[in-house]
Number of protein chains: 2
Amino acid sequence: MTQNVYKAHDHHVCIDSAVSRARALCEEQGARLTPVRQRVLELVWANHKPVGAYDLLPKLAEEGFNSAPPTVYRALDFLLDLGLVHRISSLNAFIGCTHPGEAHPSCFFVCRECGEAQELDAEQVNTIARQAEAMLGVKVEQQMTELMGLCPRCQASA
Amino acid sequence: MTQNVYKAHDHHVCIDSAVSRARALCEEQGARLTPVRQRVLELVWANHKPVGAYDLLPKLAEEGFNSAPPTVYRALDFLLDLGLVHRISSLNAFIGCTHPGEAHPSCFFVCRECGEAQELDAEQVNTIARQAEAMLGVKVEQQMTELMGLCPRCQASA
DNA sequence: GGAGATTAGGTTATAATGTTGCAATTCTAC
DNA sequence: GTAGAATTGCAACATTATAACCTAATCTCC
Ligand SMILES: [Zn+2]
Ligand SMILES: [Zn+2]
Ligand SMILES: [Zn+2]
Ligand SMILES: [Zn+2]
């Protein structure tokens with residue numbers, strides 16, 4: 001488990017390290033972390049809740065960025081391609097990756113009450129893929145797992 | 001593995017058994033498998049490819065059913081609630097469940113080339129959930145896994 | 001079998017999410 | 001500098017899903 005969202009932490013560190021890892025990764029890959037891309041990444045990391053593309057638009061607008069859907073979707077696609085964010089399909093939303101750089105399946109727990117998401121470092125997902133490949137002859141290229149339920153905090157307050 | 005989509009089979013059997021299991025399940029639960037609900041189930045089972053809600057509308061229209069979005073979404077919600085179909089979030093599409101009745105996570109392999117989907121019977125998904133519960137203190141209520149790649153047939157023809 | 005409750009369906013409009021196409025600009029490499 | 005590539009601006013559009021409100025069918029209980 002790379003991080004634990006449910007432990008108190010200085011969240012500025014999360015944001016700052018996300019940005020510096022992004023910068024390093026872009027350097028390494030010859031990609032450009034343009035202002036709008038960096039700002040989208042920061043906004044995605046504003047908290048640990050998956051954020052919708054359309055939620056980002058007004059925030060970008062406030063700051064003088066162009067804010068039409070293609071702008072934010074292009075930035076998100078760029079970040080997805082580099083593995084800097086994941087998409088939570090069941091929510092149509094995006095969240096920062098806690099360990100970009102290393103290729104890995106998207107695997108998250110999402111609290112249905114508070115909406116916070118915790119990335120999971122689940123080797124079992126790869127086991128599922130290998131098993132499907134062995135038993136069915138398929139070739140797995142991408143994988144995602146999404147768990148939904150109640151986080152510790154929301155269990156306590158219920 | 002409850003079924004193997006990649007093996008030749010008489011698909012009418014798939015459809016017929018899906019409908020009769022649905023009928024039994026509805027009986028058991030005191031739910032009503034109305035004409036539009038049954039027809040939506042049959043259409044979802046028309047093949048092994050996840051189908052979008054809006055793809056169903058014209059087909060229902062042809063057959064004289066009412067065909068406005070709420071009609072098909074209501075039918076799909078009903079079928080989802082009973083566990084007769086699953087939703088493939090990454091495709092915004094729906095597919096018949098191969099073993100309704102027993103509560104289980106949604107776990108599929110989907111071919112990016114032909115679009116066919118194979119439901120997987122993956123105990124490892126539950127392992128991920130239990131591990132998350134043990135390590136993070138979360139309570140998992142729902143889970144879904146989606147694998148994407150190439151099916152055996154599409155690998156062969158490439 | 002009829003009154004009242006419940007469930008299902010019809011209809012219209014609208015919200016939310018995501019894409020296409022093309023022109024203008026900026027960056028990179030030679 | 002200049003050609004080619006990548007990025008952005010912009011307008012329109014496509015797709016997916018839901019809200020709101022009402023009518024019709026079905027069930028329950030007497
Ligand atoms: Zn944080
Ligand atoms: Zn990640
Ligand atoms: Zn079949
Ligand atoms: Zn199933």
Side-chain angles (χ1 to χ4, degrees), chain A residues 22-23 25-41 43-44 49-82 84-95 115 146, chain B residues 22-23 25-41 43-44 49-82 84-95 110 115 144 146:
Chain A
R23 225 188 302 271
L25 206 62
C26 284
E27 182 95 13
E28 186 185 319
Q29 311 249 332
R32 287 160 57 199
L33 191 64
T34 60
V36 81
R37 288 168 175 176
Q38 175 171 337
R39 194 65 191 119
V40 166
L41 181 64
L43 288 171
V44 165
K49 303 181 190 190
V51 62
Y54 276 75
D55 297 332
L56 299 174
L57 287 177
K59 298 182 187 169
L60 289 173
E62 275 175 23
E63 302 174 23
F65 287 96
N66 176 45
S67 80
T71 301
V72 67
Y73 278 105
R74 286 195 279 231
L76 287 168
D77 285 346
F78 172 85
L79 298 171
L80 282 170
D81 283 348
L82 262 77
L84 291 166
V85 304
H86 294 283
R87 187 185 140 89
I88 307 292
S89 296
S90 57
L91 300 176
N92 296 327
F94 302 84
I95 188 162
E146 294 171 17
Chain B
R23 226 189 301 270
L25 206 63
C26 285
E27 182 94 13
E28 185 186 320
Q29 312 250 331
R32 289 159 55 199
L33 190 64
T34 60
V36 83
R37 288 168 175 176
Q38 175 171 335
R39 193 66 191 120
V40 166
L41 181 64
L43 288 172
V44 165
K49 303 180 188 188
V51 62
Y54 277 73
D55 296 331
L56 299 174
L57 287 178
K59 298 182 187 170
L60 289 172
E62 275 175 23
E63 303 173 22
F65 286 96
N66 176 45
S67 79
T71 301
V72 67
Y73 279 104
R74 283 193 274 229
L76 287 168
D77 285 346
F78 172 85
L79 297 171
L80 283 170
D81 282 349
L82 263 77
L84 292 166
V85 305
H86 293 284
R87 187 183 140 89
I88 307 293
S89 296
S90 57
L91 300 177
N92 296 326
F94 302 85
I95 189 163
V110 183
M144 53 158 286
E146 293 172 15

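- The nearest pair of heavy atoms linking Thr71(A) to Val36(A) is CG2-CG2, 3.9 Å.
- When each of Leu56(B), Leu57(B), Val72(B) is checked for a side-chain contact (heavy atoms from CB on, under 4.5 Å) with Ser67(B), only Leu57(B) meets the rule.
- Rounding to the nearest 0.5 angstrom, the gap separating the CG atom in Leu84(B) from the CG atom in Leu76(B) is 11.0 Å.
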- Show your reasoning for whether side-chain contact (heavy atoms from CB on, under 4.5 Å) applies to Val51(A) and Leu43(A). CA-CA 9 Å; Val51(A) 62; Leu43(A) 288 171; over 6 Å; no

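- An OP1 or OP2 oxygen of dT7(C) is reached within less than 4.0 angstrom by no side-chain nitrogen or oxygen of Arg74(B).
- If you take CD of Glu27(A) and P of dT28(C), they are 11 Å apart, rounded to a whole angstrom.
- Between its two ends, the helix from dG1(C)-dC30(D) to dC30(C)-dG1(D) turns its axis by 50°, counting five pairs per end and rounding to 10 degrees.
- Atom CD of Gln29(B) sits in a crowded spot, with more than 12 heavy atoms from other residues, nucleotides or ligands closer than 6.0 Å.
- Looking at residues 51-70 of chain B, you'll see Asn66(B), Ala68(B), Pro70(B) sit with a heavy atom under 4.0 Å from some atom of DNA chain C.
- Atom-to-atom, CZ of Phe78(B) to C1' of dG9(C) comes out at 13 Å; the value is rounded to the nearest Å.
- Heavy atoms of Arg32(A) sit under 4.0 angstrom from primed sugar atoms or phosphate atoms, though from no base atom.
- Judged purely by atom type and a 3.5 angstrom limit, Arg37(B) uses its side chain to pair as donor or acceptor with the backbone of Arg32(B).
- Between Gly52(A) and Ala93(A) the shortest heavy-atom distance is N-CB, 4.1 Å.
- Interatomic distance, Leu79(B) CG to Phe94(B) CZ, rounded to the nearest 0.5 Å: 10.0 Å.
- Nucleotides of DNA chain D that come within less than 4.0 Å of any heavy atom of chain B span, from the 5' end to the 3' end, dT16(D) to dT26(D).
- Across the protein-nucleic acid pair, Tyr73(A) atom OH and dA16(C) atom P stand 12 Å apart, rounded to whole Å.
- Interatomic distance, NZ of Lys49(A) versus CG of Asp55(A), reported as 11.5 Å (0.5 Å rounding).
- Residue Leu80(A) contributes atom CG, which lies 16 Å from atom P of dT17(C) at whole-angstrom precision.
- Side-chain atoms of Glu146(B) come within 3.5 Å of backbone atoms of Ser90(B) as a donor-acceptor pair (strictly under, hydrogens ignored).
- The CG-P distance, from Leu33(B) to dA8(C), rounds to 11 Å in whole Å.
- The distance between atom CG of Leu76(B) and atom P of dG9(C), rounded to the nearest whole Å, is 12 Å.
- Here the straight-line distance linking atom CG of Leu80(B) with atom CZ of Arg87(B) works out to 8.0 Å at 0.5 Å rounding.
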